[in-house]
Amino acid sequence: MDKDPMDGYLPRAVEEKWQRIWDERGTNRFTEQELRDAPDPYYNLMMFPYPSAEGLHVGNIYAFTGADVHGRYQRLTGKDVFEPIGFDAFGIHSENFALKQGVNPMDLTPRNVANFTRQLRRIGGMFDWSHTVDTSDPAYYRWTQWIFVQLLGAGLAERKEAPVNWCPSCMTVLANEQVLGGLCERCDSPVEQRRIAQWFFKTTQYAQRLLDNLKIIDWSETTLRAQENWIGRSGGAILEFPVLTPARRGDLDRRDSPEPAASSDADKAGRDAGGDSASTDTPSISVFTTRPDTVFGATYMVLAPEHPLVPAITAPDRRSEVESYQAQAARMDLVTRQKTDKTKTGVFTGAFCENPATGEPIPVWIADYVLVEYGTGAIMAVPGHDQRDFEFARAFELPIPRVVAGPGTDAHAPLEEAYVGEGVLVNSGRFDGLPWREGARAIVEWLEGRGLAEPRVSYRLHDWCISRQRYWGPPIPVIYCGACGPVPVPEEDLPVVLPRVEDFKPDASGVSPLARVEEWYRTVCPQCGGQGRRETDVSDTFLDSSWYFLRYPSTDRNDVPMDPEITRRWLPVDSYIGGEEHAVLHLLYARFITMALHDLGHLDFEEPFSKFRKHGLIIREGAKMSKSKGNVIIPDPIIEEFGADAFRIYLMFLGPFAEGGDYRDEGIQGPFGFLHRFYDTVVSVVEAEDAGKLAASASQDPEVERKLHKTIRQVSEQLPKLQYNTAVAAMMEYLNAVRSGGRKASRGEVEPLVVLVAPVAPHLAEELWERLGHSESIFQGANWPSFDPAKAAEDTVKVAIQVNGKLRGTVEAPAGAGQEEIEVLARSQENVSRHLGAATVRRVVFVPNRLLNFVVK
RNA sequence: GCCGGGGUGGCGAAAUCGGUAGACGCAGGGGACUUAAAAUCCCCCGGGCUUCGGCCCUUGUGGGUUCAAAUCCCACCCCCGGCACCA
């Protein structure tokens with residue numbers, strides 16, 4: 001330590017200094033009044049982290065840095081940038097970790113939040129620490145519960161018994177979005193189906209709007225596609241197939257009896273069928289199909305094993321077989337059930353339906369390849385034109401007629417596999433000869449006239465199951481009363497505070513740990529004052545995060561969830577940057593909640609994020625970072641050694657931000673060296689000025705000046721498009737030009753670069769800005785430099801000379817030189833004239849300022 | 001199977017309104033400065049051939065269009081992401 005510390009760039013000292021100054025001056029803070037008055041608001045949002053015990057990982061830092069660079073750039077152009085951060089602290093993740101460590105999450109969470117806060121400050125994010133949220137704070141989840149109450153009041157929340165996804169390891173139900181390929185998205189256990197009464201939000205009511213609005217929001221294309229796939233709209237029709245077998249009257253009667261479990265089944269079947277067919281005297285089976293044109297080819301029907309009509313229509317001699325098949329299906333976990341390559345299984349129920357088109361009786365089967373939760377849970381099987389039905393028909397020797405003939409085939413062409421292509425209808429009575437699409441329309445119209453069909457759009461989107469049989473979440477604010485039923489907790493009684501419970505371990509019973517805390521759940525009915533019992537399930541973590549961005553600007557208000565005036569000024573969010581892994585989870589739920597709150601009059605916009613950009617994934621050694629692979633990067637030692645600024649630049653430089661990139665430990669040397677050289681360059685400018693060696697206007701260098709203007713242009717274009725890697729490259733290139741051959745830089749050459757670098761290396765930029773004599777923060781004004789297109793323009797250009805498309809030389813010429821001039825210069829080059837030789841030039845292609853191509857012989 | 005995105009030096013990547021492929025950086029090699037190291041600076045760095053002037057090959061594979069293709073078209077292979085017995 002015999003060196004003068006001011007001799008060189010010491011990232012740690014610089015960074016600590018500026019983080020302290022930002023804090024003291026409140027550089028990144030808004031007061032409530034400033035939020036109300038900001039003239040040019042820009043809401044820069046990033047996905048808030050869940051505060052794990054391991055601390056911030058590189059993926060978080062990558063995402064936050066990319067978003068922060070964007071925010072800082074916007075700020076340097078003069079916008080009032082609000083950049084909040086918070087903690088998604090509730091949820092099974094934290095709870096599981098707490099269980100493993102034998103710590104109460106109420107103790108663990110504050111520790112993790114404190115550690116995250118320290119790390120987030122250290123990476124130099126422009127966060128407004130006076131507007132954070134913590135979803136596990138009663139002051140926050142009071143309003144999460146308020147949202148539930150609003151939705152319940154609006155009929156958008158309902159409690160129903162339905163087949164739900166049960167994770168046997170997490171011991172809770174999961175939303176559909178949390179099941180990936182039949183596995184729990186959190187722990188990878190195979191998910192089972194259970195029937196439990198749960199609270200649902202009616203996302204399906206918004207399916208079409210959620211889909212339509214995708215056209216008007218500026219989001220990453222891949223994210224839009226993911227949502228579109230997830231909503232999964234398909235157009236078709238509901239067709240009715242009357243049941244022929246005078247099936248057991250007794251069974252039908254039993255179905256009609258008011259047994260609560262069964263009534264919710266009938267409810268679903270009735271709703272999906274568009275009529276209450278299950279309880280009429282002549283029941284019919286409703287099916288959804290996207291191919292009503294093939295109805296003449298429907299030779300059998302299949303119900304899902306769980307379909308509510310199964311017991312009613314099953315013939316007595318088939319009952320034991322049917323029931324054992326149902327039991328077998330019920331036992332199967334989702335992974336096994338969803339395998340598509342296994343051979344088709346199923347059993348005949350003994351019942352028959354009438355094909356409404358042909359009038360023929362067709363058998364009714366049950367099979368697990370039909371899913372209860374989609375469409376009506378029943379299908380008409382058209383083996384000739386659906387591959388699954390074809391396989392099933394082959395396995396059980398059912399007839400496979402052709403009803404669509406493609407080009408080059410006719411009505412009698414045998415089918416070796418299902419024909420799913422286009423064609424004209426055949427073997428379809430009076431519809432023969434119609435092209436399939438017209439046929440579909442005509443057939444639906446015809447059946448509709450007889451009350452047997454109805455056009456219908458179906459979505460694969462489900463209602464959102466928000467109940468969780470766990471501890472670490474906001475209690476669902478409902479009280480059950482023997483007399484009044486489920487009653488929402490009155491708004492003035494919110495929050496329903498989660499009690500501290502030492503034994504918070506979940507169990508397989510399907511009820512929450514809170515159900516063991518009698519003194520907590522025993523209460524009085526807010527309506528009649530009688531005895532009541534609290535709902536003991538908590539809500540899904542994704543509900544916490546579905547509205548946090550609405551809360552940030554209003555955290556100064558504890559009497560309302562959102563201050564209307566502030567919300568109007570700041571929302572919708574101007575820029576949201578986050579990971580693709582939330583494309584259909586968080587982002588869909590946030591859209592739904594925003595839309596619902598809009599409809600209830602709480603918001604005047606219905607899409608929360610005007611612009612969303614996904615960022616890529618950081619990989620290392622060709623693989624996703626994970627503890628099991630042992631290739632995770634611990635950020636703290638890197639920041640220790642190289643500084644946050646170098647780390648930030650490196651992360652932004654290693655690949656296109658939207659795509660991610662491969663992290664290499666040595667890679668940071670490049671940006672680190674760049675910052676060192678930049679620091680030295682600026683410091684020596686200041687020293688030279690102080691020593692009076694350099695006049696203010698010294699070292700006019702047209703080459704460097706041109707490069708400067710080109711660099712400003714490029715960086716200004718690329719930063720807003722998140723093309724950080726190439727913007728950083730341009731800055732490096734410019735610094736190389738400034739320093740090339742050991743030349744001395746001048747203030748005018750480096751001062752603009754200090755601003756260009758500021759979004760990626762904010763601490764160093766502040767330091768250099770101060771050394772250049774500025775007393776205010778560089779982020780305090782619209783300091784972004786402008787460029788002069790005239791000064792950025794080259795006055796000489798290199799023109800490529802080709803002969804027959806092959807490069808044979810280059811010539812240097814004034815910009816805009818004409819073809820003749822270039823041609824003369826080109827011919828004078830030995831290598832060019834040699835290749836031209838004696839051949840006749842048949843054509844000359846000239847692209848001004850770029851290329852001249854002689855086409856010979 | 002359907003819908004997206006991608007495949008370029010030893011490595012991360014640039015360049016896609018068709019116009020000098022490989023900017024910028026890492027790693028590597030050589031040199032300057034230094035007692036030494038670090039930092040800094042200069043040079044080389046896709047492959048092959050070379051008479052040192054250059055020449056040939058090269059953007060997953062095979063065709064095509066064009067004066068000219070990483071870029072456009074057709075066919076195929078591989079990788080990543082989304083959806084998927086969704087009727």
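Labels below follow one simple rule: chain letters A, B, ... track the order of the sequence lines, proteins then strands, and each chain is numbered from 1.
Protein atom CG of A/Leu10 is 19 Å distant from nucleotide atom P of B/A38, rounded to whole Å. Computed from coordinates, the A/His385 NE2 to B/A87 P distance equals 17 Å when rounded to whole Å. What separates CG of A/Asp665 from C1' of B/G12 is a distance of 13 Å, to the nearest Å. Nucleotide B/C67 holds its P atom 18 Å from the CZ atom of A/Arg808, rounded to whole Å. Distance A/Leu617 CG to B/G81 C1': 10 Å, rounded to the nearest Å. Going from atom CD of A/Glu228 over to atom P of B/A84 covers 14 Å, rounded to whole Å. Distance, A/Phe672 CZ to B/A39 P: 9 Å, rounded to whole Å. The CZ-P distance, from A/Phe642 to B/A39, rounds to 10 Å in whole Å.
Here A/Phe657 and A/Tyr724 bring their ring centres to under 6.0 angstrom of each other.
Applying the side-chain contact (heavy atoms from CB on, under 4.5 Å) criterion to A/Glu666, with sequence neighbours excluded, gives A/Arg664. For the salt bridge (charged side-chain N to carboxylate O under 4.0 Å, His left out) test, no residue two or more places apart in sequence or in another chain qualifies with A/Arg331. Residues passing the side-chain contact (heavy atoms from CB on, under 4.5 Å) test with A/Val457, sequence neighbours excluded: A/Arg233, A/Tyr459.
Taking atom C1' on both nucleotides, B/U66 is separated from B/G18 by 9 Å, rounded to a whole Å. Distance check on atom P: B/A27 versus B/U20 gives 30 Å, rounded to whole Å. Remark: the separation of the P atoms in B/U71 and B/G6 is 13 Å, to the nearest Å. Separating the C1' atom of B/C55 from that of B/G60 is a span of 27 Å, rounded to the nearest Å. Between B/U16 and B/G7, the distance separating the two P atoms is 14 Å to the nearest Å. Nucleotides B/C26 and B/G9 have their C1' atoms positioned 13 Å apart, rounded to a whole Å. As rounded to the nearest Å, B/C72 and B/C56 have P atoms that lie 27 Å from one another. B/U59 and B/G1 have their P atoms separated by 28 Å, with the value rounded to a whole Å.
In this structure, CG in A/Asn355 is found 8.5 Å from CE in A/Met301, a value given to the nearest 0.5 Å. Interatomic distance, A/Leu452 CG to A/Glu240 CD, rounded to the nearest 0.5 Å: 7.0 Å. The distance from atom CD of A/Glu749 to atom NZ of A/Lys744, rounded to the nearest 0.5 Å, is 12.0 Å. A/Leu214 contributes atom CG, which lies 5.0 Å from atom CD1 of A/Ile231 (distance to the nearest 0.5 angstrom). Of the inter-residue distances, the one linking A/Ile285 atom CD1 with A/Leu303 atom CG reads 4.5 Å to the nearest 0.5 angstrom.
Of the candidate nucleotides B/C86, B/C83, B/A87, B/A87 has the atom lying nearest to any side-chain atom of A/Ile379. For A/Asp368, the side-chain atoms get nearest to B/C85 when compared with the rest of B/C85, B/G82, B/C67. The side chain of A/His835 lies closest to B/C55 when the candidates are B/C57, B/C55, B/C67. Side-chain proximity of A/Trp230 to the nucleotides B/C55, B/G53, B/C83 is greatest for B/C83.
With hydrogens and angles left out, the side-chain atoms of A/Thr223 and A/Glu580 include a donor and acceptor closer than 3.5 Å. For the residue pair A/Thr345/A/Tyr325, the side-chain donor-acceptor check at 3.5 Å is satisfied.
RNA chain B forms stems at B:1-7 with B:77-83, B:10-12 with B:24-26, B:28-32 with B:40-44, B:46-49 with B:54-57, B:60-64 with B:72-76, each a run of 3 or more consecutive Watson-Crick or G-U wobble pairs whose two key distances fall under 3.5 Å.
Residue A/Tyr650 is the one, among A/Tyr650 and A/Thr289, whose nearest nucleotide of RNA chain B lies closer to the 5' end (criterion: closest heavy atom). Comparing A/Val855 and A/Asp389 against RNA chain B, the residue whose closest nucleotide sits nearer the 5' end is A/Val855.
For B/A69, neither phosphate oxygen OP1 nor OP2 lies less than 4.0 angstrom from any side-chain nitrogen or oxygen of A/Lys806. Phosphate proximity of B/A87 to A/Arg460: absent, as no side-chain N or O sits under 4.0 Å from OP1 or OP2. Distances shown here put every side-chain N or O of A/Ser458 at or beyond 4.0 Å from the OP1 or OP2 atom of B/A87.
Here B/G47 is in the anti range [glycosidic angle more than 90° from 0]. By the rule that a glycosidic angle within 90° of 0 means syn, B/G6 does not qualify and counts as anti.
Classified by interplanar angle (parallel below 30°, tilted 30° to 60°, perpendicular above 60°), the ring pair A/Tyr9/A/Phe672 is tilted.
Judged by a 6.0 Å distance limit and a 45° cone about the ring axis, A/Lys344 is positioned over the six-membered ring of A/Tyr369. Judged by the 6.0 Å and 45° rule, A/Arg460 forms a cation-pi pair with A/Trp230.
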Reading nucleotides 13-28 of chain B from the 5' end, what letters show protein touch, with B for base, S for backbone sugar-phosphate only, - for no heavy atom under 4.0 Å? SS----BB--BBSBS-
What string of B, S and - do you get for nucleotides 1-8 of chain B 5' to 3' if you count protein non-hydrogen atoms under 4.0 Å? --SS----
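Residue-level contact check: A/Arg233 touches neither bases nor backbone, having no heavy atom under 4.0 Å from any strand.
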